[in-house]
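Report on the following structure.
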Amino acid sequence: MKFSIQSSDTNSKARAGVLQTDHGQIETPIFMPVGTAGAVKAVHIPELTKDTHAQIILGNTYHLYLRPGLDIIEKAGGLHKFNGWDKPILTDSGGYQVYSLSNTRKLTKEGVVFQSHIDGSRHTFTPETVMDIQRTIGADIMMAFDECTPYPCDYDYAKNSLKITHQWLDRCINRFDETQGKYGYQQTLFPIVQGSVYKDLRMESAEYIASKNADGNAIGGLSVGEPHEMMYEMTDIVCAILPADKPRYLMGVGTPSNILESIALGIDMFDCVMPTRNARHGILYTDQGTINIKNGKWKDDFSVLDENGTSFVDKQYTKAYLRHLFAANEMLAGMIASLHNLRFYLWLVETARQHIIAGDFYAWKQGMVKQLSQRL
RNA sequence: GGGGAGAUUCCAGAGCGGUCAAAUGGGGCAGACUGUAAAUCUGUUGGCGCAGCCUUCGGAGGUUCGAAUCCUCCUCUCCCCA
């Protein structure tokens with residue numbers, strides 16, 4: 001995997017780059033749609049490629065391991081073959097489930113015992129099994145197994161958790177190095193910085209992660225409820241330490257504004273469920289602000305969905321019609337909204353990239369963030 | 001023509017003397033959601049000068065300290081038999 005920086009902004013730490021994988025290249029900064037169970041909910045693969053212009057999507061180790069199971073994935077020839085997406089895939093390690101399924105799991109030094117959210121059965125995830133699973137899924141980018149700490153999180157817990165995450169990382173790297181991809185293309189492993197909202201822990205972690213000299217580095221444990229300023233502060237501190245010539249991935253972020261602000265801090269990759277989940281809940285993101293299309297005020301607004309939108313749905317459908325689809329519980333509602341939001345997110349990072357290359361990113365970002373905060 | 005059942009807050013539908021501005025569901029209105037246990041979840045849904053008061057349970061009277069709940073008449077629905 002090769003990363004090259006094409007252009008760096010002068011008024012911020014933003015950069016535009018290209019990440020080369022065996023499944024094609026990714027132009028950064030990039031937003032990666034989340035496809036937890038092997039599908040970006042409510043969106044077809046051709047829509048993802050041709051309409052939203054997604055370049056890489058996520059899958060989830062925990063979900064795919066539970067269902068359909070590794071035997072099926074391997075028989076299919078890996079996740080790319082299974083779901084028909086032939087561009088890069090990144091899989092989350094299940095580290096986030098350590099956090100989000102906290103009431104159905106038990107942490108030990110060895111790993112984590114999960115209770116399946118599907119049938120309650122018990123499963124053990126260790127750094128080694130998580131590497132093996134991601135080998136079988138065939139992700140281009142595999143994530144280290146970590147603990148995503150909650151917020152708030154007391155210092156001692158965060159410190160101890162960080163120690164475990166670092167130990168797990170070493171085990172992930174060992175297992176990764178002693179195994180090979182199963183499908184003939186290269187896979188790579190991204191380690192994850194943790195440390196909650198504590199500067200010293202974040203710095204210690206960033207230094208440890210940087211020392212591993214991976215193809216790319218991730219920042220986890222943010223956007224879990226802490227104030228935005230805190231998130232930016234941690235991101236800034238960590239970016240200063242992580243190698244500049246490798247892509248930086250801010251996990252789970254975020255709102256359109258979060259993404260622009262983080263690009264300015266030197267982040268290259270993002271993923272978040274917001275554009276898809278919130279789409280299914282009636283929230284549309286536009287360059288003019290956020291719309292809750294379920295609100296009564298749109299009932300007889302027959303203007304197109306998004307005058308400035310660049311997805312085909314934006315001119316194809318009206319606000320009143322989409323609102324009706326939500327009210328009538330039509331599946332098409334979530335499909336239209338998901339497509340719109342994903343296209344908007346991809347448009348946002350594409351446009352950010354253009355401004356970085358053009359050299360006027362900072363000013364553009366400042367104006368856009370202001371517009372994005374509006375509620376329509 | 002004969003017999004029976006019923007009319008409750010936007011809808012459906014509980015309640016059958018006080019703890020009822022009235023269960024529950026739907027609908028409406030709004031909110032939340034950040035490496036997806038999420039097409040989910042939460043709040044609210046008569047009015048006001050809002051720890052209280054006012055107007056509501058088909059209509060009009062009445063019984064009672066007190067009625068959506070009991071009685072009388074009226075109006076209107078629905079079902080069964082002819």
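Proteins get letters first, then strands, A, B, ... in listed order; numbering begins at 1 in each. What you are looking at is a predicted structure, and each value in this text was computed from that prediction instead of being measured. Just so it is clear, the values below take in all heavy atoms, side chains as well, and ignore hydrogens, waters and symmetry mates.
- To the nearest whole angstrom, the two P atoms, one in B:rC10 and one in B:rC57, are 11 Å apart.
- Between the base of B:rG31 and the side chain of A:N292 there is no donor-acceptor pair shorter than 3.5 Å.
- Remark: the separation of the C1' atoms in B:rU44 and B:rG18 is 29 Å, to the nearest Å.
- Only A:V34, A:T36, listed by number, bring a heavy atom of residues 29-40 of chain A to less than 4.0 angstrom from any atom of RNA chain B.
- With hydrogens and angles ignored, no donor-acceptor pair closer than 3.5 Å exists between the side chain of A:H117 and the base of B:rU36.
- Nucleotides B:rC65 and B:rC70 place their C1' atoms 16 Å apart, quoted to the nearest Å.
- In this structure, A:E204 does not pair ionically with A:K163, as no charged nitrogen and carboxylate oxygen lie closer than 4.0 Å.
- A:N258 comes within 4.0 angstrom of a base, heavy atoms only.
- Which of B:rG35, B:rA39, B:rU36 sits closest to the side chain of A:D271 comes down to B:rG35.
- When ring centroids are compared, A:Y185 and A:H80 come within the 6.0 Å threshold.
- Judged purely by atom type and a 3.5 angstrom limit, A:R135 uses its side chain to pair as donor or acceptor with the backbone of A:T179.
- Distance CE (A:M231) to C1' (B:rG35): 13 Å, rounded to an integer number of Å.
- Taking atom NZ on A:K41 and atom P on B:rA37, their separation rounds to 8 Å, with Å as the unit.
- In the model, A:E147 has a side-chain atom that pairs as donor or acceptor with a side-chain atom of A:Y157 under 3.5 Å.
- The closest side-chain donor-acceptor pair between A:Q134 and A:T91 falls under 3.5 angstrom.
- If you take atom P in B:rU8 and the same atom in B:rG2, they sit 27 Å apart, rounded to whole Å.
- Out of B:rG28, B:rU34, B:rU40, the shortest distance to the side chain of A:K294 is found at B:rU40.
- Residue A:G334 is classed as having no contact, given no heavy-atom separation below 4.0 Å to the nucleic acid.
- Pairing for B:rA51 is absent, judged as Watson-Crick or G-U wobble with the two contacts each under 3.5 Å.
- Rounded to a whole angstrom, the distance from the P atom of B:rA67 to that of B:rA60 is 15 Å.
- Using Watson-Crick or G-U wobble geometry with both donor-acceptor distances under 3.5 Å, B:rG58 finds its partner in B:rC74.
- As rounded to the nearest Å, B:rA22 and B:rU72 have C1' atoms that lie 26 Å from one another.
- A side-chain donor from one of A:T126 and A:E128 sits under 3.5 Å from a side-chain acceptor of the other.
- Within the 4.5 Å cutoff, no side-chain heavy atoms of A:V130 are placed close to those of A:W168.
- Residue A:H281 has its side chain nearest to B:rA39 when only B:rA37, B:rA39, B:rG35 are considered.
- Looking only at distances, a side-chain donor or acceptor of A:R323 sits under 3.5 Å from a matching main-chain atom of A:K294.
- Ring geometry for A:F125 against A:F114 counts as perpendicular: the plane angle is over 60°, on a 0 to 90° scale with 30° as the lower cut.
- Between A:H355 and the choices A:F361, A:W364, A:Y362, the ring pair (Phe, Tyr, Trp, His ring centres under 6.0 Å) rule is met once, by A:W364.
- Residue A:F114 contributes atom CZ, which lies 14 Å from atom C1' of B:rU36 at whole-angstrom precision.
- Atom CH2 in A:W298 sits about 16 Å away from atom C1' in B:rC29, given to the nearest Å.
- The residues A:D170 and A:K212 are annotated as salt-bridged, a charged nitrogen and a carboxylate oxygen being separated by less than 4.0 angstrom.
- B:rA23 is unpaired under the criterion used here, namely a Watson-Crick or G-U wobble arrangement in which both key atom distances are under 3.5 Å.
- Listed candidates were B:rC29, B:rG35, B:rU34. Nearest to the side chain of A:M274 is B:rU34.
- Without hydrogens or angle criteria, A:Y249 side chain to A:I267 main chain gives no donor-acceptor distance under 3.5 Å.
- For the residue pair A:N258 / A:Y232, a side-chain donor-acceptor distance below 3.5 Å is found, with atom types taken as modelled.
- Summarising the geometry, the separation between CD on A:Q134 and C1' on B:rG35 is reported as 11 Å, rounded to the nearest angstrom.
- To the nearest whole angstrom, the two P atoms, one in B:rG66 and one in B:rG31, are 47 Å apart.
- In this structure, B:rA38 forms no base pair with any nucleotide, since neither Watson-Crick nor G-U wobble geometry is met with both distances under 3.5 Å.
- Residue A:R67 contributes atom CZ, which lies 10 Å from atom C1' of B:rA37 at whole-angstrom precision.
- The partner of B:rC16 cannot be assigned: no Watson-Crick or G-U wobble pair with both contacts below 3.5 Å exists in any strand.
- Heavy atoms of A:D119 sit nowhere under 4.0 angstrom from any nucleic acid atom.
- The closest side-chain donor-acceptor pair between A:R353 and A:Q6 falls under 3.5 angstrom.
- Nucleic acid contact class of A:L58 (heavy atoms, under 4.0 Å, all strands): sugar-phosphate only.
- The phosphate of B:rA32 has neither OP1 nor OP2 within less than 4.0 Å of any side-chain N or O from A:N278.
- Nucleotides B:rU69 and B:rA7 place their P atoms 11 Å apart, quoted to the nearest Å.
- Residue A:S100 has a polar side-chain atom (N or O) positioned under 4.0 Å from OP1 or OP2 of B:rA37.
- The stretch residues 239-255 of chain A touches RNA chain B through A:M251, A:G252, A:V253, A:G254, A:T255, each having a heavy atom within less than 4.0 Å of the strand.
- For A:Y155 and A:D200, the side-chain atoms include at least one donor-acceptor pair closer than 3.5 Å.
- Remark: A:Y285 engages A:Y345 in a ring-ring contact (aromatic ring centres under 6.0 Å, His included) (not counting sequence neighbours).
- When each of A:N329 and A:D146 is assigned the nucleotide of RNA chain B bearing its nearest heavy atom, the one mapping closer to the 5' terminus is A:D146.
- Between A:T276 and A:R375, the residue anchored closer to the 5' end of RNA chain B is A:R375, taking for each the nucleotide with the nearest heavy atom.
- The partner of B:rC33 cannot be assigned: no Watson-Crick or G-U wobble pair with both contacts below 3.5 Å exists in any strand.
- Distances shown here put a side-chain N or O of A:R277 below 4.0 Å from the OP1 or OP2 atom of B:rU34.
- Across the strands present, B:rA82 finds no partner; the criterion is a Watson-Crick or G-U wobble pair with both atom distances under 3.5 angstrom.
- A stacked arrangement is not assigned to A:H63 and the six-membered base ring of B:rU36, the conditions of a centre distance below 5.5 Å and an interplanar angle below 30° not being jointly met.
- Of the residues in residues 345-353 of chain A, not one places a heavy atom less than 4.0 Å from an atom of RNA chain B.
- The phosphate of B:rU36 (OP1 or OP2) has a side-chain N or O of A:Q97 nearer than 4.0 angstrom.
- Less than 4.0 Å separates RNA chain B from at least one heavy atom of each of the following residues of residues 185-213 of chain A: A:I192, A:Q194.
- In terms of the ring-ring contact (aromatic ring centres under 6.0 Å, His included) criterion, A:F326 has no residue partners (sequence neighbours excluded).
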- Give the C-alpha distance, both sets of side-chain angles, the deciding distance and a yes or no for ring pair (Phe, Tyr, Trp, His ring centres under 6.0 Å) between A:Y62 and A:Y65. CA-CA 5 Å; A:Y62 166 83; A:Y65 157 83; 7.7 Å; no
